[in-house]
4 protein chains.
Amino acid sequence: MAKGVNKVLLLGNVGKDPEVRSTPGGTLVASFSLATADRQKDQQGNWQDKTEWHNLVAFSRTAEIIRDYVKKGSQLYIEGKIQTRSWDDKESGQKKYRTEILINELTLLGKPSEGGSSGGGYSKSNTASFDQRTPASEAATTYADPGITDDDIPF
Amino acid sequence: MAKGVNKVLLLGNVGKDPEVRSTPGGTLVASFSLATADRQKDQQGNWQDKTEWHNLVAFSRTAEIIRDYVKKGSQLYIEGKIQTRSWDDKESGQKKYRTEILINELTLLGKPSEGGSSGGGYSKSNTASFDQRTPASEAATTYADPGITDDDIPF
Amino acid sequence: MAKGVNKVLLLGNVGKDPEVRSTPGGTLVASFSLATADRQKDQQGNWQDKTEWHNLVAFSRTAEIIRDYVKKGSQLYIEGKIQTRSWDDKESGQKKYRTEILINELTLLGKPSEGGSSGGGYSKSNTASFDQRTPASEAATTYADPGITDDDIPF
Amino acid sequence: MAKGVNKVLLLGNVGKDPEVRSTPGGTLVASFSLATADRQKDQQGNWQDKTEWHNLVAFSRTAEIIRDYVKKGSQLYIEGKIQTRSWDDKESGQKKYRTEILINELTLLGKPSEGGSSGGGYSKSNTASFDQRTPASEAATTYADPGITDDDIPF
DNA sequence: TTTT
DNA sequence: TTTT
């Protein structure tokens, strides 16, 4: 019986091809950023698109599915939980935080079509409005995030 | 019509009395931390309690309800969305990030009983007193978070 | 402040073109059935696809969006609440029940491509595995559901 | 990987003590009704409380928890999925439907205090006694629901 | 920093 | 049928 609830539901597009690696202990880990688009009114009352970037991470079987089926531009629905890791930045001595969504369930909704491919698939224009300026995963580098270790794997 | 989904559901306990203030533009803002408890197996296979802390923020009418009814220890169910704000840290010159849950809906579930009170149950007077001891958003100060300005208010 | 939670999240495909009409009071109403696909193990331990049909209903602005953009085969994500209406069946004198999902939010994910269309869009095969045996909205007829009146509109 | 999404989140109060039984195949089944309270505006624009009743069902380990801890009046948060079972009514020959929420996760939030108890609060003994007065699934009988058989168990 |  |  759960003691609390910590649930996240996201539907959006993948910013870059996922990074997939193994922990020293042999657990597969996939991580990527996901953009969720939102419309909201600005201070002048006009509708504005706003993109929120999320850091996602998955382990084991889910990481395999991501490795095999998810790529830049993929449209995904995911359920997961919020986790914030913290560490001491060696350079500045400051405490750093990184909030991630640990994926529990994943539904693949669409992928952008191959380069010049004609036939079926999803038209490229689906993903055209998808800007790529500063993907959230960039932040990891900036941060000197020590990365995920086996201690971070919650099972 | 929404273009994506960015939804968070949390059920847990409030860590400290909420901080409530107004933006220069006059919008009421409430912020506090919420702990969600989870049971998970550790590497030895034993069940461990794990607490995840979340930074929550609410505006206007929801902020009023929080000011009037929510305090340290309150058990809440909330729905909201994830937002990550970023700014340049003046001291280190580094880019800093703070992930928050913007509350859309709130259900008040219970409050802990008064200090030494015997009978137990939920004392109504708990919600009348509104003390401001150590605001949950203290952490923000620690990393020189410039705080919420009118530009951060998404409506 | 909400007193309880009654929330439904569905992602699936529309069974038939939506029915759109107005109440005597002039409120636009859209209704349609949505199939959600699930994989689960049967008693022999084999993975089986199972389709669950849901009765969906929307009013006013959301009904307009449905009228204009949703059709048979559309892939949708919706959020809503569960409502069960009941009435006395005139023929049998029995009490009848009909459970519906009242849509609050809707995200359009994809539509099947036009008849023989070649170019972009979504390949027809996406929707081929989508069986149509007994769409849930059929049930309304069987039931002698008296239909939605202005009294059923919750606002 | 899920192919669709069918998720329900409810927070409310249990209407009657749960009915707990075993299928012929030996699987434990618990069923009960849950009331979710909602405030909404009526046609005169006044806020009205409205209660929605849901039929809930759980199997195996979750059914055990319900048997041991849930009773009339308990406040619960649950996650589950919508399922509609149908059968032919022997008397009228009509097709009957019953929509239920299959519980995946359950969080126990509170129980009402003992009858004439003074102190208030949640008495531990509340959960020890397990009376079976008027099972919530009585309604099923009324409409000749054949009940759950091993074929209805989705695993 | 909460709660059981 | 619950609860506040």
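Worth saying up front: this structure is predicted, and the values here are computed from it rather than measured. In what follows, every chain begins at residue 1, and chains take the letters A, B, ... in the order their sequences are listed.
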[X], nearest nucleotide to its side chain (from [options]):
X	options	value
D:A35	F:dT1, E:dT1, F:dT2	F:dT2
B:K16	E:dT1, E:dT2, F:dT4	E:dT1
D:T51	E:dT1, F:dT2, F:dT1	F:dT2

| query | So does D:K72 reach the base of F:dT2 with its side chain, donor to acceptor, closer than 3.5 Å? | reply | no
| query | To the nearest 0.5 Å, how far apart are OG1 in C:T99 and NE2 in D:H54? | reply | 9.5 Å
| note | Separation between CD1 (B:I82) and NZ (B:K7), nearest 0.5 Å, reads 12.0 Å
| request: Identify, between D:L34 and D:D49, the residue whose nearest nucleotide on DNA chain F lies closer to the 5' end. | output: D:L34
| field | Side-chain donor or acceptor of C:D88 paired with backbone N/O of C:G93 under 3.5 Å | value | no
When the distance from [atom1] of [X] to [atom2] of [N] is rounded to whole Å, what number comes out?
X	N	atom1	atom2	answer
B:Y77	E:dT2	OH	C1'	19 Å
D:Q48	F:dT3	CD	P	21 Å
B:N13	E:dT1	CG	P	16 Å
D:Q75	F:dT2	CD	P	15 Å
D:L10	F:dT1	CG	C1'	16 Å
D:R39	F:dT4	CZ	P	14 Å
B:D17	E:dT1	CG	C1'	11 Å
D:L11	F:dT4	CG	P	13 Å

| said: What contact category does D:T36 fall into here, base, sugar-phosphate, or nothing, at under 4.0 angstrom with non-hydrogen atoms? | reply: nothing
| query | Are B:W53 and the base of E:dT2 stacked, counting only ring centres nearer than 5.5 Å and planes tilted under 30°? | reply | no
| So, D:R39 and D:D49, do they make that salt bridge, N to O below 4.0 Å? | yes
| message | Closer than 4.0 angstrom, basic N to acidic O: yes or no for D:K81 and C:E52? | response | no
